[in-house]
*Asks:* 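The structure follows.
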Amino acid sequence: MKVQKMKEHGRVCWQLPTKWAAFVAALSFASAAFAHVFPQKQEPGAGATVASPSQIKIVFDGPLEPSFSSLTVTDAGGKQVNTAKSAVDPQQPTVLAVPLPPLPAGHYTVHWAAVAPDGHRTHGDYSFDVK
């Protein structure tokens, strides 16, 4: 009987570190996945053809660090068309927007950089057309 309990105890002790390691690995992957913020909705949307928009607005899946997150818009020639600076909405920390002057018909690209409060940075771009 005593030998039987030792064997069972040995098996439990062996399984515990393995389960603990799996748990720690799962937590580290989960925290890495949630450390970055990504766009959930863009206005105007990627590939859209619209009348001249008054602003570009992107809603992200988490709060943004206002000092380091930005939006710029360029025309087909690569010239920046927004003169105002982009800003994170203080009432909605997941929203980044930049006002635009009236835009002539053409192809435009939105360049975004988003920084989460923990310092992780993501960036990207997408295009839309003005009719």
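Remember, predicted model here, so these are calculated numbers, not experimental data.
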*Asks:* Does any N or O in the side chain of S69 come within less than 3.5 Å of the main-chain N or O of A114, such that one atom is a donor and the other an acceptor?
*Replies:*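 No: the side chain of S69 does not pair with the backbone of A114.
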
*Asks:* Should V130 and V81 be counted in the same cluster of Ile, Leu, Val, Met, Phe, Trp and Tyr side chains packed under 4.5 Å apart?
*Replies:* yes

*Asks:* Let me confirm one number: the NZ-OH distance from K79 to Y108, rounded to the nearest 0.5 Å.
*Replies:* 10.5 Å

*Asks:* Please give me the minimum heavy-atom distance between N82 and T72, naming the atom from each residue.
*Replies:* OD1-CA, 3.5 Å

*Asks:* Which atom pair, heavy atoms only, marks the closest approach of S70 to S86?
*Replies:*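 Heavy atoms of S70 and S86 come nearest at CA-OG, 3.3 Å.
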
*Asks:* Give the minimum heavy-atom separation between P101 and S52, together with the two atoms involved.
*Replies:* O-OG, 4.1 Å

*Asks:* Are V59 and V88 linked, directly or through intermediate hydrophobic residues, by side-chain heavy-atom contacts shorter than 4.5 Å (ILVMFWY only)?
*Replies:*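 Different hydrophobic clusters.
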
*Asks:* Give a yes or no on whether the backbone of P63 and the side-chain of T94 come within a donor-acceptor separation of less than 3.5 Å.
*Replies:* no

*Asks:* Cluster question for you: counting only ILVMFWY and a side-chain heavy-atom cut-off of under 4.5 Å, with indirect links fine, are V98 and L64 together?
*Replies:*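 In one cluster with V98: L64, yes.
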
*Asks:* Does the side chain of T109 come under 3.5 Å of the side chain of S127 through a donor N or O and an acceptor N or O?
*Replies:* yes

*Asks:* Given side chains that start at C-beta, do those of H111 and T74 come closer than 4.5 Å, heavy atoms only?
*Replies:*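 SC-SC contact between H111 and T74 confirmed.
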
*Asks:* Work out which heavy atom in P39 is nearest to a heavy atom in Q42; give both atom names and the distance.
*Replies:* CB-NE2, 3.8 Å

*Asks:* Check the pair F60 / W112 against ring-ring contact (aromatic ring centres under 6.0 Å, His included), numbers first and verdict last.
*Replies:* CA-CA 11 Å; F60 289 84; W112 59 268; 5.5 Å; yes

*Asks:* If you take all heavy atoms of G45 and F128, which pair is closest and at what distance?
*Replies:* O-CB, 3.9 Å

*Asks:* May I ask whether F38 and F68 are part of the same hydrophobic cluster, defined by side-chain heavy atoms of I, L, V, M, F, W, Y residues being less than 4.5 angstrom apart, directly or through others?
*Replies:*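 No, F38 does not connect to F68 through the hydrophobic network.
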
*Asks:* Is the backbone N or O of P93 less than 3.5 Å from a side-chain atom of D89, with the two atoms forming a donor-acceptor pair by type?
*Replies:*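 Absent.
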
*Asks:* Using every non-hydrogen atom in the two residues, find where H36 and D61 come nearest and quote the distance to one decimal.
*Replies:* O-OD1, 4.1 Å

*Asks:* So how far is it from K131 NZ to L103 CG, rounded to the nearest 0.5 Å?
*Replies:*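 Answer rounded to 0.5 Å: 14.0 Å.
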
*Asks:* Is it the case that one hydrophobic cluster holds both V115 and V37, taking links as side-chain heavy atoms less than 4.5 Å apart, direct or via other members?
*Replies:*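 Hydrophobic grouping puts V115 apart from V37.
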
*Asks:* Taking atom NE2 as the centre, does H123 end up with more than 12 heavy-atom neighbours from other residues, nucleotides or ligands that are less than 6.0 angstrom away?
*Replies:*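 No, the 6.0 Å shell around NE2 holds no more than 12 heavy atoms from other groups.
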
